[in-house]
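Down below is the structure, laid out as structure tokens.
By convention in this document, chain letters (A, B, ...) are assigned in the order of the sequence lines, proteins followed by strands, and residues within each chain are numbered from 1.
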There are 2 protein chains.
Amino acid sequence: MKTDVEIAQEARLEPIESIADRTGIMPDEIEPYGRYKAKLSLEILKRLQDKPEGKLILVTAITPTPAGEGKTTVTIGLGQALNRLGAKAIIALREPSLGPCFGVKGGATGGGYSQVVPMEDINLHFTGDIHAVGAAHNLAADLLDNSVYFDNPLDIDPHRMVWPRVVDLNDRFLRHVIVGLGGKAHGLPRETGFDITVASEVMACLCLCDDLMELKARLKRIIVAFTREGRPVTAEDIKAVGSMTVLLKDAVKPNLVQTLEHTPALIHGGPFANIAHGCSSVIATRLGLKLGDYLVTEAGFGADLGAEKFFDIKCRRLGRSPDAVVIVASLRALKMHGGRPRSLCHQEDLAALDKGFANLAKHIENVKLFGIPSVVALNRFPTDTDAEIKLLEERCREMGARFALATVWADGGQGGVDLAREVMAACQETSRFSFLYDLNEPIKTKIERIATKIYGAQGVKYEPAAERTLVEIETLGYSDLPVCVAKTQYSLSDNPSLLGRPQGFEVTVREVRLSAGAGFVVPLMGNILTMPGLSRAPAAFNIDIDADGRIYGLF
Amino acid sequence: MKTDVEIAQEARLEPIESIADRTGIMPDEIEPYGRYKAKLSLEILKRLQDKPEGKLILVTAITPTPAGEGKTTVTIGLGQALNRLGAKAIIALREPSLGPCFGVKGGATGGGYSQVVPMEDINLHFTGDIHAVGAAHNLAADLLDNSVYFDNPLDIDPHRMVWPRVVDLNDRFLRHVIVGLGGKAHGLPRETGFDITVASEVMACLCLCDDLMELKARLKRIIVAFTREGRPVTAEDIKAVGSMTVLLKDAVKPNLVQTLEHTPALIHGGPFANIAHGCSSVIATRLGLKLGDYLVTEAGFGADLGAEKFFDIKCRRLGRSPDAVVIVASLRALKMHGGRPRSLCHQEDLAALDKGFANLAKHIENVKLFGIPSVVALNRFPTDTDAEIKLLEERCREMGARFALATVWADGGQGGVDLAREVMAACQETSRFSFLYDLNEPIKTKIERIATKIYGAQGVKYEPAAERTLVEIETLGYSDLPVCVAKTQYSLSDNPSLLGRPQGFEVTVREVRLSAGAGFVVPLMGNILTMPGLSRAPAAFNIDIDADGRIYGLF
């Protein structure tokens, strides 16, 4: 069987100018980056401001397991399938981070015959957006330390410098560091840490902004420290914002690439899905909606995290909601949720499947709660049996959910035609979207609404540190922000070992962070790492390139 | 008076495809990055392998002072001037680092009417090469720590992990850090530090390599640590090289831009000029020599550091030497060397000028020592008086050096026509180039040759740590590498306060480092920082962008 990178390398790509042209983009609205990538001008949005928007399709998933679901692959395959059916579909995805790429999984650009290409470039530096975010973030950290070093005119409390540094790698050794050692010429020692770049609030700002000037306004609001009197110190206070904005001038422009079947794909922004909202940029979504009949996009992690944030955070920015939601599931993942060991999940087990279905059922209920029609997409693997598929379809139908098999990994767009038909039909249904909470409700109410309605928790406990920060956030006047929960993606609860549909649990908010620039409040439930680590044998060991420029080990 | 960025913004640029076409590059040999930047394929070198090379012009300078000399501006102006005279000239420069850009000086792309453009892009992320170097470097650091963390199978000595991390900013607070704090899950505490990215050995490797596979071979040789038994641990040993090479696959391709007068410029690689050799890439130089009648390039810092390393390190790689060397001087800088306070250097002072000429004289002698014809270029400033210019010209003529006034800042290429004529004439002289030392001489002999012949020192002292490392380097079999001295750029000696032409001094080698991948031995004389710091009011404070995309504060 061919690997993803082999399939991608065999593809015949269309010049990016030709993809742009077919997408309705004018020649002076694109800036090519190499032959097969381009940045798009935000002027397109102005030119098309009176054009009606296409349908918005959100792809989300069951609670992820190590067995894999294939959300990105289905997103890409669905876009290709819609195009095969004559609809003009555009795909919007997040930009992959180098961390996971060299850490655990190789690439993040779909798989099989449903990939975005050039996959090597997209998985590596792409058009430099994540590097730009890192540079802007680290410049602010540098200026913050420098302000304290040179007489501390803002009276910054050295114990409340809340802006870490970032690096776009999985580097556990940088999680907790002491900087400024070596004596007076080299700073002032203090404890701090590094996050992975995609966890930077700058990335969240980029993904939620309207344009460069509105991004600048967000950067101004970012809180980097507190004074000894407890007043917030912003990026503007340390005079970092002009330079940060300059560093982000190109990153704010969305990137155009293509799928293996030449469907246009906008890949722009890649915020972490726990500490941030985990979806590609508002700018790219708006652009895709103007350019296509269908804009197919995905949200990070399972529907409890990704879809909820898409609805309650991103949809408020978009001023609209999805026309249909696709919930991706795989039989082997559902069997894991049903208690079958991972190593045996490729074998038929109707009982485990039936039990694990509870997880999918909860996500179907959740999407229904938001009032949006949904379609379950079963991402078919070769070991799936007919009996299992039949059982899952029955269970979905019993709940009134649409269901479709997708074989997009093996068959590309052709393998998603049934799914595409169901999605098109779902888009004809009436959507009665409502937010889960109003912004003017107290933050605790918002958190409790999410925990009880979406996660199925009985209640929410707060540790003292969290309580204190909530009071502070209220005092500072940020109570009307939406909530962006950071919790494990591996369970509907805050305990990663509780698979399926956990019952009778409480969630615990250990800490609360304020992302004043991005515009959300982050309750951290459980131990959330904002810097992953490498395993004993990371993907990096197997990545290589030969004299012909052929790359290995990205998959 | 217009600022550099204002002049650059008013320029009408030619599409990069058109610049490439005029330069003899085929359409399938360029990859555009936006409208005015492109990466070039290394296939050009294969296509042109039988074409004779053009003339190689090296631009260097007197010992730098805070008063400024304008080496890059003269390099660009000279290229433009050669083109005005009907010669096909190509310029090769280093890529600017973000650190100095936001730290002390804004951009590094020339000035006035002798700039490379788009200057904002070149000064910011450009085509991402420096970010790629940083990612490759930091991935190796990450894998090194990870190897120790997971049972240390290579028996690495935690006290001899010699590979720091890097960031492309002036960030003094990262010079000395402790990483791996926070307990067992987060690593193993140890002291280390960050260098600025351009000081990375990966950057030096990139700038000295022939192509991607030869770069890979260099990366394999990089020493990242030593075992407890004292054996070197390489990047290959920690399985980092495949991934590092993949990360550098595009960075190895040179970048094409243009000057304000549409002269083609190759901007590729930017190694630090102390810990590394400080010149743009061998690949770009070779390419420019094939494509142009003249390739004009510069070396970092003054001629004692930049030119010596160009000759003894880069020329060995190129397999050839420059046809002429330009030594840039400014009157105000020479007056500083003559003892006049910086704040008064804009006033006439023939005595100080005459005294300060000793610095220029030494650099003229040094270039003569290598057997290459030289031209002194006086970069004229508005406050220079005719009497001063006359005196300088006389002094140069007395030494038998060619002399030309350059007004390229104010007048662009037209202001460099006299200089260009002198350079063309110098290229007709017979060059009798010889290296300063043979590679098979002992390392101490090489160091002493440089110190006594080039710096004018009476001798070299070695601190015990340096002695120990020299023995180790010999034992490891690296004695036949060239030497890359790291010392202050502000004096011919190792004491930055000794201006002019210091006499009767010794230099002290405090430490020696082995850059086995780049292929040189670095004796550190004096306190050499490989991570600059920000000042109290860094350039970043004044950099901004407005709603029309106009950038301020890069100059």
Side-chain angles (χ1 to χ4, degrees), chain A residues 31-35 39 98 102 120 124-125 128 131-132 135 138-139 142-143 145-146 149-150 165 167-182 185-188 191 212-213 239-240 242-243 245-247 249-250 534 536 538 540-545 547 549 551-553, chain B residues 31-35 39 98 102 120 124-125 128 131-132 135 138-139 142-143 145-146 149-150 165 167-182 185-188 191 212-213 239-240 242-243 245-247 249-250 534 536 538 540-545 547 549 551-553:
Chain A
E31 288 176 89
Y33 274 60
R35 296 180 199 292
K39 285 225 163 252
L98 290 177
F102 290 101
E120 301 96 322
L124 297 169
H125 312 290
H131 290 312
N138 286 335
L139 180 60
D142 192 4
L143 290 170
D145 270 320
N146 209 52
Y149 182 71
F150 283 111
R165 283 175 175 76
V167 67
D168 191 31
L169 288 173
N170 290 5
D171 193 342
R172 69 159 56 76
F173 315 94
L174 294 180
R175 283 178 192 151
H176 305 288
V177 304
I178 294 175
V179 299
L181 294 166
H186 310 296
L188 205 67
E191 207 175 338
L212 189 61
M213 288 301 112
K239 301 183 191 165
S243 291
T245 312
V246 165
L247 282 166
K249 76 179 177 66
D250 294 311
L534 293 178
R536 187 181 291 269
F541 283 0
N542 302 311
I543 294 173
D544 205 353
I545 184 167
I551 291 175
Y552 302 87
Chain B
E31 288 176 89
Y33 273 60
R35 296 180 200 293
K39 285 222 162 257
L98 290 177
F102 290 101
E120 301 95 323
L124 298 168
H125 312 290
H131 290 313
N138 286 335
L139 180 60
D142 192 4
L143 290 169
D145 270 321
N146 208 52
Y149 182 70
F150 283 109
R165 283 174 176 77
V167 66
D168 191 31
L169 288 174
N170 290 5
D171 194 340
R172 70 159 54 74
F173 315 94
L174 295 179
R175 284 177 191 152
H176 305 287
V177 304
I178 294 173
V179 300
L181 295 166
H186 311 296
L188 206 65
E191 208 175 338
L212 190 62
M213 288 302 111
K239 300 183 193 165
S243 290
T245 312
V246 165
L247 283 166
K249 76 180 177 67
D250 294 311
L534 292 178
R536 186 181 291 270
F541 283 2
N542 303 310
I543 293 174
D544 205 354
I545 184 168
I551 291 175
Y552 301 89

Which atoms of [X] come close to chain A, meaning under 4.5 Å heavy atom to heavy atom: side chain ones, backbone ones, both, or neither?
| X | value |
| --- | --- |
| Arg175(B) | side chain |
| His125(B) | side chain |
| Asp145(B) | both |

Pairs of heavy atoms under 4.5 Å with chain B: top-ranked of [options]:
| options | answer |
| --- | --- |
| Glu120(A), Arg165(A), Lys39(A), Arg172(A) | Arg172(A) |
| Asp544(A), Ile545(A), Asp142(A) | Asp142(A) |
| Ala135(A), Ala540(A), Gly549(A) | Ala540(A) |
| Leu534(A), Val177(A), Val179(A) | Leu534(A) |
| Val167(A), Asn542(A), Ile551(A) | Ile551(A) |
| Gly182(A), Gly187(A), Gly242(A), Ser243(A) | Ser243(A) |

* Heavy atoms of other groups near Lys239(A) NZ, more than 12 under 6.0 Å ->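 At most 12 heavy atoms, drawn from other residues, nucleotides or ligands, come within 6.0 Å of this atom.
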
Compare all side-chain heavy atoms of [X] with those of [Y] and state whether any distance is below 4.5 angstrom.
| X | Y | result |
| --- | --- | --- |
| Leu124(A) | Asp250(B) | no |
| Leu98(B) | Leu139(A) | no |
| Tyr552(B) | Val246(A) | no |

* Could you give the distance from CZ (Phe173(A)) to CG (Asn146(B)), rounded to the nearest 0.5 Å? ->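 Result: 4.5 Å between the selected atoms.
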
* Asked: Where on Asp171(A) is there a heavy atom nearer than 4.5 Å to chain B: the side chain, the backbone, both, or neither?
  ->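 Both backbone and side chain.
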
* Going by the angle between their ring planes, with limits at 30° and 60°, are His131(A) and His131(B) parallel, tilted or perpendicular? ->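 Parallel, since the angle between the ring planes stays under 30°.
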
* Count the heavy-atom pairs under 4.5 Å between each of Met213(B), Glu31(B), Glu191(B), His176(B) and chain A, then report the option with the highest count. =>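 Heavy-atom pair counts peak at His176(B).
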
